[in-house]
**Q** 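This is the structure, below, for whatever I ask next.
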Amino acid sequence: MIELVNIHRNFQVGDQTVHALDDVTLNIDAGEYVSIMGPSGSGKSTLLNLLGLLDQPSSGTYRLNGQDVTSLGNLRQAQVRNREIGFVFQMFHLIPRLTAAENVELPLLLAGLEPEQRHPRVARALDELHLTDRSHHKPEQLSGGQRQRVAIARATVTKPNVLLADEPTGNLDHKSGQDVIHILEELNDRGITLIVVTHDPEIGRRAQRQLHMMDGRLVDGQGTG
Amino acid sequence: MTLHGADVIRFSIGSLRGFPSRTVLMLVAMAIGVCSVVVLTSLGEGARRYVTGEFASLGTNLIIVFPGRSETAGINPTTMMGETPRDLTLDDARSLLRSYNVLRIAPINVGSADVSWKGRSRDVVILGSSHELLGIRHWEMGQGRFLPQADLDLATPVAVIGSKIRNELFGAKRALGEWIRIGDRRFRIIGIMGSEGRSIGVDVQETVIIPVASAQQMFNTSSLFRLLVEAKSRDAIETVKAFVIDTLQERHQGEKDVTVITQDAVLETFDRILGTLTYAVGGIAAISLAVAGILIMNVMLVAVSQRTAEIGLLKALGASPRQIIILILTEAMILSALGAFTGLLLGQLGSLIVRHTFPVLPAYAPAWASVAALVVALITGLLFSLMPARRAAQLDPVLALSRR
Ligand SMILES: Nc1ncnc2c1ncn2[C@@H]1O[C@H](COP(=O)(O)OP(=O)(O)OP(=O)(O)O)[C@@H](O)[C@H]1O
Ligand SMILES: [Mg+2]
């Protein structure tokens with residue numbers, strides 16, 4: 001489902017070129033559970049952002065469901081992000097002035113859905129994450145674990161095929177982190193393709209497929225396993 | 001991927017309420033701009049209406065004739081021969097009635113004389129005229145009648161006095177029907193002017209009006225001070241003016257020795273000057289709207305950078321650049337509109353206060369000014385928030401989200 005071929009991503013810092021991604025070739029099938037590990041600065045987040053179309057490769061091809069998405073225009077890319085991809089961030093990134101339910105509603109609102117269509121879906125997404133009694137709370141009134149669950153509800157409310165999580169437990173205590181991982185795995189059990197970037201080997205080991213990065217490259221042979 | 005209008009507005013209002021100080025600042029800037037346009041134009045418009053109103057109270061469709069040429073050009077044949085301009089006589093006046101387009105005329109003579117009753121006396125402006133003056137000037141009688149309809153040459157000893165004169169000479173006593181002495185002649189009071197009757201130059205309350213023939217005898221002159229001619233309609237004014245000039249030239253052996261001005265010409269000049277003035281102050285006030293626009297731009301730029309993470313997030317959730325632009329512009333437009341309407345209300349309040357403070361000044365903001373202020377406010381709000389909106393749309397979501 002995901003095909004990366006000879007992907008490079010270079011950053012120009014002053015007169016120096018940083019190779020954040022250096023010739024990455026990677027195939028991921030639908031429904032896989034993939035963890036990405038590696039030292040700080042090895043290019044994990046860059047890879048994830050690229051997979052989520054938040055970033056463009058300097059060269060190489062990215063095909064999603066057989067379609068070359070790097071050549072799509074802004075609008076089509078936004079549509080793909082909205083429909084196909086869910087993001088979970090280390091910093092949660094909830095909008096503080098909106099309630100949990102309103103935060104979860106945002107992707108549907110951007111998709112232009114009618115309110116009558118949005119509300120049941122928001123309610124269901126919150127219910128699946130056991131947040132129904134928190135739906136009218138603002139993020140500041142929620143614990144870290146609850147916030148990340150709201151973020152997961154937001155990421156999954158559009159029923160995407162791919163869920164990208166960049167250190168989803170990085171800002172959580174051990175217990176909440178465990179909960180969040182279990183929730184993500186449950187989603188994967190139900191068919192979503194799950195890709196988790198983590199520093200925690202204990203979490204990384206849980207994935208069926210574990211990728212290791214070093215200096216912008218996947219450790220030999222892992223890309224097309 | 002089209003956002004619903006209601007969603008956009010709800011989202012924008014939410015973010016406006018999230019930053020109250022910024023919102024209030026922009027509201028105030030817009031409101032001041034619009035308010036000053038409204039108040040200043042209402043002042044200009046008030047001045048225009050006041051002046052034109054004063055002129056109109058002199059009479060409508062009026063043509064004013066007075067002896068002598070108005071040209072200040074020093075030398076012409078008459079001055080060379082040392083001639084004084086020919087008199088403007090009652091016969092001249094009567095000759096003008098021949099025209100179908102002349103509705104009525106009123107000759108005027110002015111002088112001053114001692115007016116006395118039972119030992120009380122005072123020096124008063126005496127106006128010699130005819131029955132028609134009342135109608136031409138739109139004056140109202142307080143008591144009794146105005147000068148009778150009679151031949152202009154008839155020096156009837158009757159007088160109409162202003163209410164102030166009445167109070168000074170008679171106090172609480174009855175004045176109507178009493179005989180007063182003006183100069184060395186006796187006149188019977190047949191009427192007292194109403195309190196409405198002010199017009200530029202002459203305060204009717206302080207004058208005594210007698211038949212023109214009586215005034216001419218009293219001041220020993222055969223010339224008129226002014227001749228008021230009222231045309232049948234507004235359209236007839238120019239015809240009558242030409243007729244007056246021709247007729248009097250013919251009667252004065254070909255000399256153009258009278259000056260004819262029309263009420264409307266004077267009125268239009270003032271109207272034009274003060275109208276232009278109103279546009280000018282409105283324009284100057286509109287500059288403050290542009291200043292408000294620049295303020296809006298800066299505040300929106302700050303808002304965009306304050307909300308970098310939020311905008312990055314929206315992009316990650318699938319917002320297109322267009323949607324981001326729409327969200328930011330809507331926010332700015334709601335602010336501009338609220339500010340403009342607040343300004344409009346404040347401006348109306350301001351001109352209300354002006355009208356209260358200066359009751360003679362009909363300071364109503366002209367409709368065009370309010371509409372223009374609103375439109376300009378909305379357009380500046382839109383134009384000046386385009387740049388911040390575009391900047392937001394071009395934000396790199398990765399950088400936006402990684403900032404902490
Ligand atoms: N916008 C940027 N400009 C310049 N260099 C960048 C930029 N983004 C990333 N880099 C560089 O690219 C390399 C990879 O960064 P990346 O964030 O992908 O690392 P990471 O593996 O996610 O690290 P960490 O575990 O600390 O999150 C780093 O050397 C980083 O400095
Ligand atoms: Mg990272």
Side-chain angles (χ1 to χ4, degrees), chain A residues 9 11 20 45-50 52-56 72-99 102-118 138 151 154-155 157-158 160 164 166-167 171, chain B residues 1-23 303-331 334-335 389-404:
Chain A
R9 179 63 170 109
F11 291 103
S45 297
T46 306
L47 178 60
L48 206 69
N49 291 332
L50 221 125
L53 292 177
L54 289 182
D55 200 5
Q56 310 293 317
L72 292 179
N74 275 333
L75 180 66
R76 292 281 299 133
Q77 285 203 350
Q79 282 175 347
V80 171
R81 273 202 298 274
N82 185 259
R83 288 175 197 163
E84 305 282 337
I85 296 163
F87 277 101
V88 177
F89 306 95
Q90 180 181 356
M91 307 290 294
F92 320 131
H93 285 305
L94 300 175
I95 295 182
R97 63 168 187 278
L98 300 181
T99 64
E102 288 167 340
N103 269 291
V104 173
E105 194 180 5
L106 268 180
L108 301 178
L109 192 144
L110 292 170
L113 255 63
E114 302 292 336
E116 311 84 70
Q117 294 173 289
R118 300 198 301 247
K138 297 274 173 73
R154 180 180 64 192
V157 74
T158 52
L164 306 173
D166 194 349
E167 300 185 35
N171 269 351
Chain B
M1 297 277 286
T2 16
L3 290 164
H4 288 286
D7 290 333
V8 176
I9 288 170
R10 192 146 28 83
F11 189 86
S12 303
I13 289 176
S15 68
L16 288 175
R17 283 165 53 165
F19 301 88
S21 56
R22 158 172 89 83
T23 305
V304 167
S305 61
Q306 255 178 354
R307 300 218 309 262
T308 303
E310 180 182 320
I311 293 162
L313 172 77
L314 288 177
K315 289 192 146 185
L317 296 180
S320 64
R322 242 190 73 151
Q323 289 180 325
I324 303 276
I325 288 181
I326 289 174
L327 287 173
I328 302 283
L329 286 188
T330 306
E331 221 179 292
I334 290 176
L335 272 183
R390 215 174 275 134
R391 184 169 291 187
Q394 284 163 358
L395 268 181
D396 177 359
V398 174
L399 284 181
L401 286 168
S402 65
R403 276 229 311 230
R404 43 203 80 175

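Per chain, numbering begins at 1; letters A, B, ... match sequence-line order.
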**Q** Would you mind checking which part of A:Gln77 comes under 4.5 Å of any heavy atom in chain B, side chain (CB onward), backbone (N, CA, C, O), both or neither?
**A** neither

**Q** Name the region of A:Arg154, side chain, backbone, both or neither, that has any atom closer than 4.5 Å to a heavy atom of chain B.
**A** side chain

**Q** Please round to the nearest 0.5 Å and tell me the distance separating atom CE of A:Met91 and atom CG of A:Asp166.
**A** 11.5 Å

**Q** Hey, does the side chain of B:Arg390 reach the backbone of B:Ile325 with a donor-acceptor pair shorter than 3.5 angstrom?
**A** no

**Q** With a 4.5 Å limit on heavy-atom distance, are the side chains of A:Arg9 and A:Leu47 in contact?
**A** no

**Q** Report, one line per pair, each donor and acceptor closer than 3.5 Å where one atom sits in a side chain of residues 102-113 of chain A; sequence neighbours left out.
**A**
{"unit_1": "A:Glu102", "atom_1": "OE1", "unit_2": "A:Thr99", "atom_2": "N", "d": "2.9"}
{"unit_1": "A:Glu102", "atom_1": "OE1", "unit_2": "A:Thr99", "atom_2": "OG1", "d": "3.4"}
{"unit_1": "A:Asn103", "atom_1": "OD1", "unit_2": "A:Ile95", "atom_2": "N", "d": "2.8"}
{"unit_1": "A:Asn103", "atom_1": "ND2", "unit_2": "A:Ile95", "atom_2": "O", "d": "3.1"}
{"unit_1": "A:Asn103", "atom_1": "ND2", "unit_2": "A:Leu98", "atom_2": "O", "d": "3.2"}
{"unit_1": "A:Asn103", "atom_1": "ND2", "unit_2": "A:Thr99", "atom_2": "O", "d": "3.2"}
{"unit_1": "A:Glu105", "atom_1": "OE2", "unit_2": "A:Arg118", "atom_2": "NE", "d": "2.8"}
{"unit_1": "A:Glu105", "atom_1": "OE2", "unit_2": "A:Arg118", "atom_2": "NH2", "d": "3.3"}
{"unit_1": "A:Glu105", "atom_1": "OE2", "unit_2": "A:His119", "atom_2": "NE2", "d": "3.3"}

**Q** Going by ring-ring contact (aromatic ring centres under 6.0 Å, His included), name the residues that satisfy it together with A:Phe87, two or more places apart in sequence or in a different chain.
**A** A:Phe89

**Q** With a 4.5 Å heavy-atom cut-off (strictly below), which parts of residues 8-18 of chain B touch chain A? List them by number.
**A** B:Arg10, B:Phe11, B:Gly14, B:Ser15

**Q** Between the side chain of B:Lys315 and the main-chain N/O of B:Leu395, is any donor-acceptor distance below 3.5 Å?
**A** yes

**Q** Give me each pair satisfying salt bridge (Lys or Arg N to Asp or Glu O under 4.0 Å) with a member in residues 303-313 of chain B, each pair once, sequence neighbours excluded.
**A** A:Arg97-B:Glu310, B:Arg307-B:Glu310, B:Arg307-B:Glu331

